[in-house]
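Below is one structure, written out as structure tokens; comments come after it.
Small disclaimer: the values here were computed from a predicted structure and weren't measured.
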Amino acid sequence: MQNVQIRMLQDQQCKISCRIEALNKVQARQFQEKIGYDYKVNMILDNLPAAVVKMESDDGVPIKTYERGFPVGFKSSIEGGDTVQYYLNNHLRFTILYHRDTESGLSRIVGFEVEPLSVKHSYGAFWEEEDTLLQTCNPSRGVYVSDAMESQPVSEDEEIVFSYDVLFEGSDIRWASRWDTYLLMRDEQIHWFSIVNSLMIVFFLSGMVAMIMLRTLHKDISNYNQLDNIEEAQEETGWKLVHGDVFRPPQQPALFCVFVGTGVQLLGMVVITMMFALLGFLSPANRGGLMSATLMLFAFMGLLGGYYSSRLYKTFRLTDWRATSLKTALLFPGVIFGIFFVLDLLIWGQRSSGAVPLGTLLALCFLWFGISVPLVFLGSYFGIKKPPFEEPVRTNRIPRQIPQQEWYMNPVFSIIIGGVLPFGAVFIELFFILSSMWLHQFYYMFGFLLIVFTILIVTCAEISIVLSYFQLCSEDYRWWWRSYLSSGSSAVYLFIYSIFYFMTRLEITKPVSAVLYFGYMTIVSCSYFTLTGTIGFLASYWFVNKIYSAVKID
């Protein structure tokens with residue numbers, strides 16, 4: 001639909017937008033395909049999206065809600081057969097709400113509502129472009145489009161006339177509050193249930209950590225500090241016996257530093273983005289603001305990523321910090337950009353307007369190589385100049401032999417178990433986030449999101465501390481990677497949940513759309529893995545430092 005002209009405070013009836021003289025076979029098939037897949041049309045007026053009005057009831061009180069966009073058309077079965085007939089919404093009735101300021105007398109748009117209708121237009125003997133008088137919509141004769149009229153079918157050689165009405169309606173909604181209807185939260189109780197569910201998990205884990213810290217660990221430290229001779233010490237078992245190996249660098253230490261540095265970069269980005277969102281700087285009124293802020297902050301947080309990556313690298317007593325800094329700057333962004341670029345090529349192949357243009361891709365590359373990479377190296381320079389993280393015990397030259405472990409201490413088993421509780425703390429809120437991504441819904445409940453994110457941090461930290469403690473008590477000092485993977489494994493559950501969501505909530509049948517969905521969910525899962533894994537490691541690193549600095553080591 002094109003050539004829609006709207007003038008402020010001027011109602012218009014039965015205006016002709018354009019005409020398709022005769023649908024060819026390809027056009028008819030494309031329209032039918034879009035209708036069959038429930039495609040929606042999105043329009044914007046004064047930065048407000050067009051919305052279809054849906055009336056809902058709250059304790060008997062009617063509430064007006066908005067559903068963004070309107071359907072291309074609809075389909076119905078022909079009576080007495082299995083044939084499906086497709087109909088096109090070719091008439092739009094726009095209702096524009098405006099608020100008049102009593103002091104200045106100026107009017108401002110505060111709502112953009114649309115009612116899609118389907119009508120098979122008819123006119124006189126000749127088509128006279130915009131001056132054509134429609135017989136099915138003529139204000140001078142009091143004829144207006146309604147649902148009772150014959151609908152516009154979609155079939156080959158069918159003529160289609162597109163038309164529209166514009167109605168201005170005064171409203172008490174002030175301009176500052178015009179987004180309230182779009183952002184109306186109708187499922188507040190579910191969000192509170194999500195938070196209560198998450199808090200129960202946190203209380204359970206906090207109880208376990210408190211038991212370890214206040215009872216078991218305190219008793220262990222007291223006993224270890226009271227040992228008088230070497231013979232008594234040799235008879236002891238537990239986490240103190242691995243004090244000479246607990247800070248031995250892990251396998252692939254450089255790669256571990258890269259993962260931790262990237263995780264710190266993501267953590268800084270998420271925290272600052274959420275603060276801006278809570279303060280109202282990332283309102284949906286600023287379209288694309290959230291994504292732009294996220295990308296910019298990730299680039300600038302490269303300073304933190306490089307700093308912690310190189311300082312941890314120096315703690316491992318390694319020397320080639322420049323190579324590690326380069327991996328920190330390129331590995332994670334490279335994987336994400338590679339997946340995104342392949343998905344964008346698929347969108348280009350479908351000739352979709354949603355494809356990211358070449359200019360934007362070049363701007364992203366500049367943001368990456370022109371800002372993020374230099375900042376990572378700058379942070380690495382400052383980090384390598386700092387002293388390494390202080391360790392409370394010395395590391396032995398010869399690694400200690402690790403005893404045979406029980407089945408439940410198997411790395412794969414403990415890592416899989418470690419991801420259950422962090423995912424359980426967020427999976428209800430995850431449903432609303434996925435709905436906002438894939439079902440064209442607004443997500444603006446950043447207060448709830450902050451609470452759930454805080455619970456996620458606490459849950460990842462506590463589950464990682466508990467599993468690291470159990471591992472050290474089994475005299476297995478290889479806790480570095482396991483502490484990272486234990487909390488990071490919740491990303492596996494997130495991806496599995498995305499498969500469940502795809503099968504139960506989405507009606508996607510086209511292969512390209514399915515590839516796009518799982519491609520973007522892979523990006524989300526990789527980011528979530530890096531973020532939660534880093535949170536778990538940082539908590540375990542603090543915990544291990546604390547317990548080994550509390551005992552006397554000869």
Side-chain angles (χ1 to χ4, degrees), residues 1-9 11-12 15 17 34-35 37-56 63-74 88-99 107-118 162-187 277 280-294 347 352-357 360 432-446 449 506 516 520:
M1 195 168 187
Q2 58 185 4
N3 195 28
V4 176
Q5 298 182 3
I6 298 177
R7 292 178 175 84
M8 190 65 181
L9 300 180
D11 291 350
Q12 303 177 62
K15 301 293 291 185
S17 171
K34 300 298 185 291
I35 295 171
Y37 287 127
D38 295 325
Y39 271 62
K40 289 190 174 183
V41 180
N42 291 286
M43 294 181 171
I44 294 176
L45 177 67
D46 193 28
N47 210 27
L48 285 177
V52 177
V53 176
K54 300 288 184 181
M55 298 303 297
E56 297 187 3
I63 297 177
K64 183 168 72 171
T65 62
Y66 283 160
E67 183 177 295
R68 187 167 48 158
F70 60 90
V72 175
F74 60 94
L88 184 69
N89 288 324
N90 61 323
H91 183 85
L92 301 179
R93 181 167 294 143
F94 298 110
T95 301
I96 301 174
L97 307 180
Y98 68 93
H99 177 78
S107 299
R108 308 182 76 174
I109 296 174
V110 295
F112 184 31
E113 302 172 357
V114 59
E115 180 186 359
L117 297 165
S118 180
F162 292 89
S163 58
Y164 63 94
D165 300 332
V166 179
L167 303 174
F168 281 87
E169 183 179 307
S171 173
D172 294 330
I173 301 174
R174 301 184 66 84
W175 189 85
S177 306
R178 64 179 188 161
W179 277 90
D180 290 356
T181 308
Y182 290 91
L183 305 177
L184 182 64
M185 187 172 60
R186 302 183 299 275
D187 36 33
F281 293 112
L282 302 179
S283 168
N286 182 16
R287 293 186 300 116
L290 181 61
M291 182 59 67
S292 300
T294 300
I347 300 176
S352 171
S353 60
V356 177
T360 304
F432 296 100
I433 296 175
L434 291 180
S435 296
S436 69
M437 291 175 61
W438 302 108
L439 295 179
H440 304 286
Q441 298 178 7
F442 287 109
Y443 186 90
Y444 197 60
M445 291 162 283
F446 294 110
L449 187 61
L506 303 179
L516 289 174
Y520 285 123

query = To the nearest 0.5 Å, what is the distance between OG (S177) and CG (D172)?
reply = 11.5 Å
note = Separation between CZ (R7) and CZ (F168), nearest 0.5 Å, reads 10.5 Å
query = Does CE in M55 sit with more than 12 non-hydrogen atoms of other residues, nucleotides or ligands closer than 6.0 Å?
reply = yes
query = Taking the side chain from Y164 and the backbone from Q5, do they hold a donor-acceptor pair closer than 3.5 Å?
reply = yes
key: Minimum side-chain heavy-atom gap L449-I433 below 4.5 Å   = yes
query = How long is the gap from OG1 on T181 to CD1 on I63, to the nearest 0.5 Å?
reply = 10.5 Å
ask   = Looking at side-chain heavy atoms only, is the closest gap between R178 and D46 below 4.5 Å?
value = yes
remark   = Here the gap from L167 atom CG to L97 atom CG, rounded to the nearest 0.5 Å, amounts to 10.5 Å
query = Is there a side-chain contact between K40 and E67, using heavy atoms and a 4.5 Å cut-off?
reply = yes
query = So do the side chains of V166 and K15 get within less than 4.5 Å of each other, counting heavy atoms only?
reply = no
query = Taking side chain as C-beta onward, heavy atoms only, is V114 less than 4.5 Å from M43?
reply = no
inquiry  = Taking side chain to side chain contact (heavy atoms under 4.5 Å, CB included) as the definition, give me every residue that meets it alongside P357, ordered by chain and number, with sequence neighbours left out.
reply    = T360
request  = Drop me the distance from I6's CD1 to I96's CD1, to the nearest 0.5 angstrom.
outcome  = 4.0 Å
request  = For N47 and W179, work out which heavy atoms get closest and say how close.
outcome  = O-CZ2, 3.4 Å
inquiry  = Looking at every heavy atom in both V52 and P116, which two are closest together, and how far apart are they?
reply    = CG2-CD, 4.3 Å
remark   = In this structure, CZ of F112 is separated from OH of Y66 (nearest 0.5 Å) by 10.5 Å
ask   = Heavy-atom distance under 4.5 Å between the side chains of F94 and D165, does that happen here?
value = no
message = Donor-acceptor check, side chain of T65 to backbone of K54, threshold 3.5 angstrom: yes or no?
response = yes
request  = Determine yes or no for a side-chain-to-main-chain donor-acceptor pair under 3.5 angstrom, with S171 supplying the side chain and H99 the backbone.
outcome  = no
request  = State whether the side chain of Y520 and the backbone N or O of M437 hold a donor-acceptor pair below 3.5 Å, judged by distance alone.
outcome  = no
For E115, side chain to side chain donor-acceptor pair (under 3.5 Å) partners two or more places apart = none
query = Do side-chain atoms of N42 reach the backbone of A50 as a donor and acceptor pair under 3.5 angstrom?
reply = no
inquiry  = Ignoring hydrogens, what is the shortest heavy-atom contact between S107 and L9? Give both atom names and the distance.
reply    = OG-CD1, 4.1 Å
Side chain to side chain contact (heavy atoms under 4.5 Å, CB included) involving A355 - partner list, sequence neighbours excluded = D344, I347, W348
